[in-house]
Visitor: 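Please read through the structure below; I'll follow up with questions.
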Number of protein chains: 2
Amino acid sequence: MEPMDDDKVFKALGDPTRRKLLDLLCETNGQTLGELCGHLDMARQSVTQHLGLLEEASLVTTVRRGREKLHFINPVPLHEVYERWVRKFEVQRLSLLHALKQHLEEDGT
Amino acid sequence: MEPMDDDKVFKALGDPTRRKLLDLLCETNGQTLGELCGHLDMARQSVTQHLGLLEEASLVTTVRRGREKLHFINPVPLHEVYERWVRKFEVQRLSLLHALKQHLEEDGT
DNA sequence: TTGACATGCAGGTAAATACCTGCATATTGA
DNA sequence: TCAATATGCAGGTATTTACCTGCATGTCAA
């Protein structure tokens, strides 16, 4: 198992087409390239490229079945992103107003 | 309050420099542009640009204090990203192996 | 007021990237 | 075998974007 690459995961999530692909796989896991193309108004090759980036980020895993390629979502990297990023800032969320007040009161402007 | 723009948030998080800026603000909230520049090996103007994107994504809020500009982290969009994205795929995480098995057993390849 | 300091604005460039077309390969089913 | 189907590979282009430099504006403190 590859170690997670924060940057690849965030970059992969940074494109709306790729988020849509994840959504599609969330609805129906294990879709083929052709099936996924059916939901996107875009050349097959572009979809392939997007799926390639998702796969490099370990957000999608593929299995060949004959001439087809099945795509499965892998939620693990997303969970790690949550652990490393969202939770960290959750703490801030609670103390934000306090910090803001404190800072502004430093010199009363 | 602006409605959250998924795309802006994800795009903002898609750059390592901007994630570093969020990290810096997580350590010490309310830093000035100059302070933040001190931690990044990059022209001031580039940092300004990154902070601008973070602000457009509502991930950072600014307050002017005299000739300085203070930057505060805003964890709310991150939390919404979590709600809309990570949780959704958490469900998948639990049923993933089951679905995979089922799919592969469909034709036993 | 005036010089030092903090930030804003207006471009300009090179690399990344999101698309595409055209052709090649591999698998299935008649 | 052979035609239809599913995907892979090799480029090409136009937009986006992550940097930069140079100059302008606004604020502070002596």
Side-chain angles (χ1 to χ4, degrees), chain A residues 5-25 28 30-57 59-72 103-104 106-109, chain B residues 5-25 28 30-57 59-72 103-104 106-109:
Chain A
D5 183 334
D6 262 353
D7 196 47
K8 283 185 182 175
V9 174
F10 278 111
K11 282 233 171 76
L13 292 173
D15 181 89
T17 301
R18 291 193 285 272
R19 289 197 301 278
K20 172 141 193 181
L21 281 167
L22 289 179
D23 264 334
L24 290 170
L25 289 179
T28 310
Q31 291 186 67
T32 67
L33 172 59
E35 286 174 316
L36 291 169
C37 283
H39 298 286
L40 294 170
D41 190 23
M42 181 180 293
R44 174 179 55 83
Q45 198 42 242
S46 307
V47 178
T48 300
Q49 197 173 359
H50 284 301
L51 287 169
L53 291 182
L54 288 171
E55 199 171 351
E56 275 210 27
L59 284 163
V60 161
T61 305
T62 59
V63 176
R64 278 214 90 108
R65 186 178 59 182
R67 63 184 162 184
E68 293 175 317
K69 191 173 185 180
L70 308 181
H71 297 78
F72 295 89
H103 220 102
L104 289 176
E106 263 181 24
D107 64 352
T109 37
Chain B
D5 184 334
D6 262 353
D7 197 48
K8 283 185 180 173
V9 174
F10 279 111
K11 281 234 172 77
L13 292 173
D15 181 271
T17 301
R18 291 193 285 271
R19 289 198 301 278
K20 171 139 193 184
L21 281 168
L22 289 179
D23 264 334
L24 290 170
L25 290 179
T28 310
Q31 292 186 67
T32 67
L33 172 59
E35 285 172 317
L36 291 169
C37 284
H39 297 285
L40 294 170
D41 188 23
M42 183 179 294
R44 175 180 55 82
Q45 197 42 240
S46 307
V47 178
T48 299
Q49 197 172 0
H50 284 302
L51 286 169
L53 291 182
L54 287 171
E55 198 170 353
E56 275 210 28
L59 284 162
V60 160
T61 304
T62 59
V63 176
R64 278 214 87 108
R65 186 177 58 183
R67 61 184 164 184
E68 294 175 316
K69 190 172 186 180
L70 307 182
H71 297 78
F72 295 90
H103 220 101
L104 289 177
E106 263 181 26
D107 64 350
T109 39

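In what follows, chains are A, B, ... by sequence order, proteins preceding strands, each numbered from 1.
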Visitor: Using heavy atoms to find the nearest nucleotide of DNA chain C for A/Lys11 and A/Asp41 separately, return the residue whose nucleotide is more 5′.
Guide: A/Lys11
Visitor: Run the side chain to side chain contact (heavy atoms under 4.5 Å, CB included) check on B/Asp5 and B/Glu56 step by step: do they pass?
Guide: CA-CA 9 Å; B/Asp5 184 334; B/Glu56 275 210 28; over 6 Å; no
Visitor: Quickly work out the B/His50 NE2 to C/dG8 P distance and round it to whole Å.
Guide: 15 Å
Visitor: Between B/Thr17 and B/Val47, does a side chain to side chain contact (heavy atoms under 4.5 Å, CB included) hold up when you go through it step by step?
Guide: CA-CA 8 Å; B/Thr17 301; B/Val47 178; 6.0 Å; no
Visitor: Starting at CG of A/Leu40 and ending at C1' of C/dA18, how long is that distance when rounded to a whole Å?
Guide: 13 Å
Visitor: Just jot down the salt bridge (Lys or Arg N to Asp or Glu O under 4.0 Å) partners of A/Arg18, sequence neighbours excluded, or say none.
Guide: none
Visitor: Of all nucleotides in DNA chain D that come within under 4.0 Å of a heavy atom of chain B, which is furthest toward the 5' end and which toward the 3' end?
Guide: D/dT17 to D/dC28
Visitor: Given that A/Gln45 and B/Thr17 both sit by DNA chain D, which one's nearest nucleotide is further toward the 5' end?
Guide: A/Gln45
Visitor: Could you state the atom-to-atom distance from CD of B/Glu68 to P of C/dG8 in whole Å?
Guide: 12 Å
Visitor: Take the protein atom CZ of B/Arg67 and the nucleotide atom C1' of C/dG3, then report the distance between them rounded to whole Å.
Guide: 11 Å
Visitor: To the nearest Å, how far apart are B/Leu36 CG and C/dG8 C1'?
Guide: 16 Å
Visitor: Can you see if the side chain of A/Arg64 gets near the phosphate of C/dT27 - specifically, an N or O under 4.0 Å from OP1 or OP2?
Guide: no
Visitor: Distance check needed: C/dT17 C1' versus A/Gln49 CD, whole Å only.
Guide: 7 Å
Visitor: Between B/His71 and A/Arg44, which has a closest nucleotide on DNA chain C that is more 5'?
Guide: B/His71
Visitor: For B/Glu35, give me all partners under side-chain contact (heavy atoms from CB on, under 4.5 Å), at least two apart in sequence or on another chain.
Guide: B/Gln31, B/Thr32
Visitor: State the CE-OG1 distance between A/Met42 and A/Thr48, to the nearest 0.5 angstrom.
Guide: 11.0 Å
Visitor: Rounded to the nearest 0.5 Å, what separation is found between the CG atom of A/Leu13 and the CG atom of B/Leu13?
Guide: 9.0 Å
Visitor: Roughly how many Å is it from NZ in A/Lys69 to P in C/dT27, rounded to a whole number?
Guide: 14 Å
Visitor: Roughly how far apart are B/Thr62 OG1 and B/Leu33 CG, rounded to 0.5 Å?
Guide: 11.0 Å
Visitor: What is the distance, to the nearest angstrom, from the CG atom on A/Leu53 to the C1' atom on C/dA18?
Guide: 10 Å
